[in-house]
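Treat the numbers as computed from the prediction; the structure is a model and nothing was measured.
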Amino acid sequence: MTSPLQVPPAPPPEEQPTQVQRPWRATLRTVSAAVWGLIPLWPMIVHETGLSSTIPWVATSLVITGAITRITSMPRFEAWLTEWLPAFSADPSAGAKHRRG
């Protein structure tokens with residue numbers, strides 16, 4: 001087993017989960033889900049936090065959501081998840097098989 005700070009090598013492309021194979025599709029799905037989820041909440045969030053009610057706050061939150069999704073769909077991140085947090089990886093059983101072997 002490697003250190004948590006060392007990233008294990010990524011599996012070949014054909015063995016990677018679909019969100020790793022097509023990261024922009026996963027990013028767009030997550031951002032669209034965030035948009036629909038935040039639409040009813042944004043007026044309350046802006047009011048309660050005292051933020052300006054302009055669009056940049058909404059855009060910033062969606063950009064951050066997209067960036068996090070993009071990072072988590074990278075092959076090296078998926079390999080790290082499979083190694084260290086298999087329950088959160090795209091294929092949780094892959095980590096379990098790896099640890100048994």
Side-chain angles (χ1 to χ4, degrees):
M1 187 181 289
T2 59
S3 162
L5 299 177
Q6 292 177 334
V7 179
E14 63 275 0
E15 293 179 15
Q16 294 174 352
T18 57
Q19 64 264 37
V20 174
Q21 292 176 15
R22 294 181 290 281
W24 291 110
R25 193 177 286 183
T27 302
L28 288 174
R29 278 195 309 263
T30 301
V31 169
S32 65
V35 167
W36 289 108
L38 287 174
I39 285 174
L41 297 175
W42 258 112
M44 180 185 67
I45 292 169
V46 168
H47 175 72
E48 293 299 321
T49 59
L51 297 173
S52 168
S53 60
T54 58
I55 295 297
W57 289 108
V58 175
T60 301
S61 68
L62 296 177
V63 167
I64 291 169
T65 300
I68 291 169
T69 302
R70 179 67 179 100
I71 290 167
T72 60
S73 66
M74 292 177 163
R76 290 181 56 141
F77 187 83
E78 180 61 28
W80 183 87
L81 276 180
T82 302
E83 176 76 20
W84 293 101
L85 296 170
F88 292 102
S89 70
D91 183 9
S93 63
K97 289 177 194 169
H98 174 73
R99 295 206 185 275
R100 278 189 237 137

task: Over all heavy atoms of both residues, which pair between Thr65 and Ala34 is shortest? Give the atoms and the distance, please.
output: CG2-CB, 3.9 Å
Closest non-hydrogen atom pair between Phe77 and Ile71, with its separation: CB-O, 3.5 Å
task: For Pro86 and Trp84, work out which heavy atoms get closest and say how close.
output: CD-C, 3.5 Å
task: Decide whether Trp80 and Ile68 are clustered together by the hydrophobic rule: side chain heavy atoms of Ile, Leu, Val, Met, Phe, Trp, Tyr closer than 4.5 Å, transitively.
output: no
message: So which atom in Thr72 and which in Thr69 form the shortest heavy-atom distance, rounded to 0.1 Å?
response: OG1-O, 2.9 Å
task: Output the distance between atom CE (Met44) and atom OG1 (Thr49), rounded to the nearest 0.5 Å.
output: 10.0 Å
message: Check for me, please, whether Val63 and Leu41 land in the same ILVMFWY cluster - side-chain distances under 4.5 Å, paths through other members count.
response: no
